Asks: 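One structure, as structure tokens, below. Some questions next.
Atoms within each ligand, like the ligands themselves, are counted from 1 in listed order. Computed from a prediction, not measured in an experiment: that's the story for all the values here.
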Amino acid sequence: MANTRYPHQVKIAVIGAGPVGVTTAVCFASLGHKVICVDYDHEKISSLAKGKTPFYEPNLAKLVKLNCQAERLKFSNNINEAVKDSLVIFIAVGTPTQSNGEPDLTYIKNAIKAIGSAMTDYKLIVEKSTVPVMTCDWIKSTLNRYLPKNIKFDIAYNPEFLREGCAVRDFLNPDRIVLGVETEKAKRLLLKIYQPIKAPKLITDIRSAELIKHSANAFLATKISFINAIANICELTGADIEKVALGLGFDKRIGPYFLKAGIGFGGFCLPKDLKAFIHQAKKIGYNFRMLQEVERINITQREQFVKKIAGQLKLKGKQIGILGLSFKPNTDDVRSAPSIDIIKRLKSAGAKIKAYDPKAMVQAKKIMPDIQYCENPYEVAQESDCLVILTEWKIFQKLDLRKIKRLLKKPIIFDGRNIFAPEKMRRLGFIYQSIGRL
Ligand code: UGA
């Protein structure tokens, strides 16, 4: 029977309780759908059922609680039941990269097997995890192998464009919704699900939708490496990257976003998707040299930053204070964060590391157990030979810089995210080096 309060309500299962899966489940429930989010991880599911998210994402825990109380959202380990109770199944499991750049699709394969063995009637299966172009063809043929011929299904690809740290906002106020479909029925169902969201809805074939996602992340990565390359030219010429970026961004064809120079991009998505895209392009006969260069510039950016520090002070035996470990602010995620690479390089040159991050220290300790973690930025500065800023958390911009100067052994700051104005820092008596600015 149709729900009178939410006439567009659809029964949805979301497979995978990672950041994308949970955000998708929670936001669909907030739109009025009936959602079951499933994962094999018992610990994750039981903490979500209690309203606790296993990762930090602003506003998410609050919405989990609200939607569970309203009985529109449920967390479960029982994939069988979730599939049977739903009409539309979203796959939102991880697709990590293997060392050769090929994405590991094991989790997707496991999800398809489980869906196939639970299905007794029509389902629309929507792939949401980021995958190389033509993966949905493989999903379709794999599912066909597990299903009796009389059970019908449709496949669709609906990429996510969620940024960690503002995933809920991005989901509910997207720039666009891309729906890669093969049938009218799949299109109708997906439009019904997304009906409450006001945004351009682009209907495409599945392969184009898959390509849109990889191209979007590759383009964002390209913008960042481009501006970092220009920052290097700024350093060689005495120009100022902030002004150059401003001047570029006013051109509507270029736009002001993703032109922030720094120590390069990190996180679970951009580096992984870039690698996977380069790999997939090669596999299908195109050598994507441009993206290889984007990747190379990104790594070089970190190396150069360490060289900049080593050029100012001999690293052996020095105490380096690090501010910021997460790959960007408003997240506790340190996966492929520039901080890991930079700290590793500083340590292998003989430096001792003290660090602070407002959210990411628990995650960082798992990867870097052998550095000293501090309670606050001032403890980091205490007796350190210099301070190094690796993430542009807002609280770092409000530091009492006079106090920092008193605490440091030498008043030296290397700013990998350009959070301070160079003239102000020099006026305060710091030796201050940032990216693309003199
Ligand atoms: C990225 C995309 O922005 C999302 O659209 C996409 O949905 C997501 O990947 C995904 O595929 O799931 P995210 O990884 O959360 O989102 O992070 P971004 O905000 O894109 O930042 C990535 C990295 O680029 C960060 O390390 C950030 O510090 C760096 N960055 C970003 C710059 O160095 N300069 C900039 O101007 C912007």
Asks: Consider side-chain contact (heavy atoms from CB on, under 4.5 Å). Of Leu270, Thr222, Leu274, which one does Asn217 pass it with?
Replies: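 In the set Leu270, Thr222, Leu274, the residue that makes a side-chain contact (heavy atoms from CB on, under 4.5 Å) with Asn217 is Leu270.
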
Asks: Please name all residues satisfying salt bridge (Lys or Arg N to Asp or Glu O under 4.0 Å) with Glu379, sequence neighbours left out, ordered by chain then number.
Replies: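 Salt bridge (Lys or Arg N to Asp or Glu O under 4.0 Å) list for Glu379, sorted by chain: empty.
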
Asks: Cation-pi check for Phe161 against Arg176: NZ or CZ below 6.0 Å from the six-membered ring centre and within 45 degrees of the axis, yes or no?
Replies: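 Cation-pi check for Arg176 and Phe161: passes.
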
Asks: Could you tell me if Glu242 and Asn418 have a donor-acceptor pair between their side chains, going purely by distance under 3.5 Å?
Replies: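 Per modelled atom types, Asn418 and Glu242 side chains form a pair under 3.5 Å.
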
Asks: Taking atom CZ of Phe226 as the centre, report whether more than 12 heavy atoms of other residues, nucleotides or ligands fall under 6.0 Å from it.
Replies: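 Open: at most 12 neighbouring heavy atoms sit under 6.0 Å from CZ of Phe226.
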
Asks: For ligand 1, give me the residues whose heavy-atom distance to it is below 4.0 Å, by chain and number please.
Replies: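 Correct list: Glu160, Phe161, Leu162, Arg163, Glu164, Lys213, Asn217, Leu220, Ile224, Phe258, Leu259, Lys260, Gly264, Phe265, Gly266, Cys269, Leu270, Asp273, Phe327, Lys328, Arg417.
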
Asks: Of Lys275, Lys272, Arg289, which meets salt bridge (charged side-chain N to carboxylate O under 4.0 Å, His left out) against Glu295?
Replies: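 With Glu295 as partner, Lys275, Lys272, Arg289 yield a single salt bridge (charged side-chain N to carboxylate O under 4.0 Å, His left out), made by Lys275.
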
